[in-house]
There are 2 protein chains.
Amino acid sequence: MTEQVDKINRQLISRGYKLTPQREATLRVLLENEQDHLTAEDVYLLVKNTYPNIGLATVYRSLELLSELHIVEKVNFGDGGARFDLRNEDQPHMHHHLICTRCGKVEEIKDDWLLPMEHRIMREYGFTVTDHRLDFHGTCQACAVEEKDASRKAVS
Amino acid sequence: MTEQVDKINRQLISRGYKLTPQREATLRVLLENEQDHLTAEDVYLLVKNTYPNIGLATVYRSLELLSELHIVEKVNFGDGGARFDLRNEDQPHMHHHLICTRCGKVEEIKDDWLLPMEHRIMREYGFTVTDHRLDFHGTCQACAVEEKDASRKAVS
DNA sequence: TTCTATGCAAACCATTTGCAGGTCG
DNA sequence: CGACCTGCAAATGGTTTGCATAGAA
């Protein structure tokens with residue numbers, strides 16, 4: 001993980017920014033919670049564990065900086081606050097999400113299924129795609145089971 | 001267009017709601033601007049032309065009601081305010097968007113290319129998809145031309 | 001010193017809510 | 001009357017900004 005921090009540090013420097021302790025703490029929280037989709041508030045509370053004096057505004061500023069450098073991706077599931085996903089550099093595009101509308105859990109799909117579609121968009125619309133986002137809404141497996149249980153109970 | 005209003009009126013009634021003048025005015029604005037992706041504020045200002053006394057809160061409440069009935073779709077492009085798209089009933093799923101990051105224009109794609117993907121998600125993840133959203137970010141044809149012009153000028 | 005970054009509090013802005021009146025059946 | 005609906009104003013909640021200070025080059 002520290003290699004990743006080093007690497008990002010170099011990215012920051014090459015763009016004229018510094019990896020301050022606050023920025024590093026924020027970054028480490030993101031690295032340690034790569035699977036989750038944290039809100040700014042979540043990140044703030046977690047960073048406070050290792051850096052209690054940090055201000056919420058600084059977390060926002062750090063997250064925005066990391067977004068600019070395409071190190072994290074700011075995503076919006078429509079439920080109030082924005083969330084921040086670490087970007088995986090060996091994946092040129094954002095990963096996709098399965099969002100359960102019942103329990104709110106967000107699962108990730110790592111495959112990138114959309115390249116053929118992007119070529120088609122270029123051909124048919126003359127639109128050069130640089131990025132995309134794809135979210136599916138529905139019911140996750142666990143919730144499907146629970147719903148079946150609930151309806152069975154309702155009948156009996 | 002009035003047939004559409006009638007139809008939606010019936011949908012409202014069947015769910016126990018009324019098509020009040022305010023709701024109708026809001027709905028008509030959406031029908032008249034089907035191609036645009038209006039924010040709540042946009043809708044508010046347009047409705048005010050035909051119904052000057054309407055309050056912003058009422059517009060929000062009407063839009064929320066229409067969202068619940070799946071007559072309009074609330075979408076969030078990540079630029080501050082939510083936008084509202086009329087849903088096309090012969091399309092079971094949301095249409096897709098091409099969002100130009102240079103001029104901000106939003107184009108629509110009417111095709112639904114994702115059904116095979118949804119079947120695969122069911123098989124591989126046990127996730128029941130009820131809806132999806134797919135947005136592509138990039139440069140539209142017009143902007144691509146302008147950028148080429150700009151770079152040519154820079155060279156000469 | 002000079003420029004950047006930080007913490008705090010205040011400001012902002014889209015959206016929601018409380019409430020007192022209004023409408024319709 | 002009773003249930004729903006509206007307009008207004010106030011509250012809310014996530015995010016941004018102003019500003020004085022602190023730190024690094």
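A note on names: the letters A, B, ... follow the listed sequences, proteins ahead of strands, and every chain is numbered from 1.
Atom pair A/E68:CD and D/dT16:P shows a separation of 11 Å (rounding to whole Å applied). Between the CG atom of A/L56 and the C1' atom of D/dG14 there is a distance of 9 Å, given to the nearest Å. When the C1' atom of D/dC4 is taken as reference, atom CZ of B/R15 falls 17 Å away, rounded to whole Å. The CD-P distance, from A/E64 to D/dT16, rounds to 6 Å in whole Å. Distance A/F84 CZ to D/dG14 P: 13 Å, rounded to the nearest Å. Whole-Å rounding puts the A/L38 CG to D/dT15 C1' distance at 17 Å. The CG atom of B/N53 sits 13 Å away from the P atom of D/dA9 (whole-angstrom rounding).
As judged by a 4.0 angstrom heavy-atom cut-off over every strand, A/G80 is placed among residues making no nucleic acid contact. Within 4.0 Å (heavy atoms only), B/I54 reaches sugar-phosphate atoms of the nucleic acid but no base atom. Within 4.0 Å (heavy atoms only), A/Y51 reaches sugar-phosphate atoms of the nucleic acid but no base atom.
Taking the six-membered ring for Trp and thresholds of 30 and 60 degrees, B/H96 and B/H132 have ring planes inclined between 30 and 60 degrees apart.
Residue A/Y60 has a polar side-chain atom (N or O) positioned under 4.0 Å from OP1 or OP2 of D/dT15. Within the structure, every side-chain polar atom (N or O) of B/T20 is placed at least 4.0 Å from both OP1 and OP2 of D/dC4. Side-chain nitrogen and oxygen atoms of B/T58 include at least one within less than 4.0 Å of the OP1 or OP2 phosphate oxygen of D/dG7.
Atom OH of A/Y17 has 12 or fewer neighbouring heavy atoms from other residues, nucleotides or ligands inside a 6.0 Å radius.
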For nucleotides 19-25 of chain D, read 5' to 3', which letter fits each nucleotide if B means a protein heavy atom sits under 4.0 Å from the base, S means only the sugar-phosphate is that close, and - means neither?
-> -------
Give the intermediate values and the outcome of salt bridge (charged side-chain N to carboxylate O under 4.0 Å, His left out) for residues A/R133 and A/D135.
-> CA-CA 7 Å; A/R133 66 169 297 180; A/D135 301 334; 2.2 Å; yes
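You can see that DNA chain C meets the heavy atoms of chain B within a 4.0 Å-exclusive cut from C/dA14 to C/dG18, reading 5' to 3'.
Comparing A/L65 and A/K48 along DNA chain C, the residue whose closest nucleotide (by nearest heavy atom) sits nearer the 5' end is A/L65. Judged by closest nucleotide on DNA chain D, B/V59 is the one of B/V59 and A/E41 placed further toward the 5' end.
Side-chain contact check for A/Q141 versus B/F127: every heavy-atom pair is 4.5 Å or farther apart. Side-chain contact check for B/E64 versus B/Y60: every heavy-atom pair is 4.5 Å or farther apart.
With a 3.5 Å limit on both pairing distances and Watson-Crick or G-U wobble geometry required, the stems of 3 or more pairs in DNA chain D span C:1-25 with D:1-25.
Between B/E107 and B/H97, the side chains place no donor N or O within less than 3.5 Å of an acceptor N or O (distance only, hydrogens not considered).
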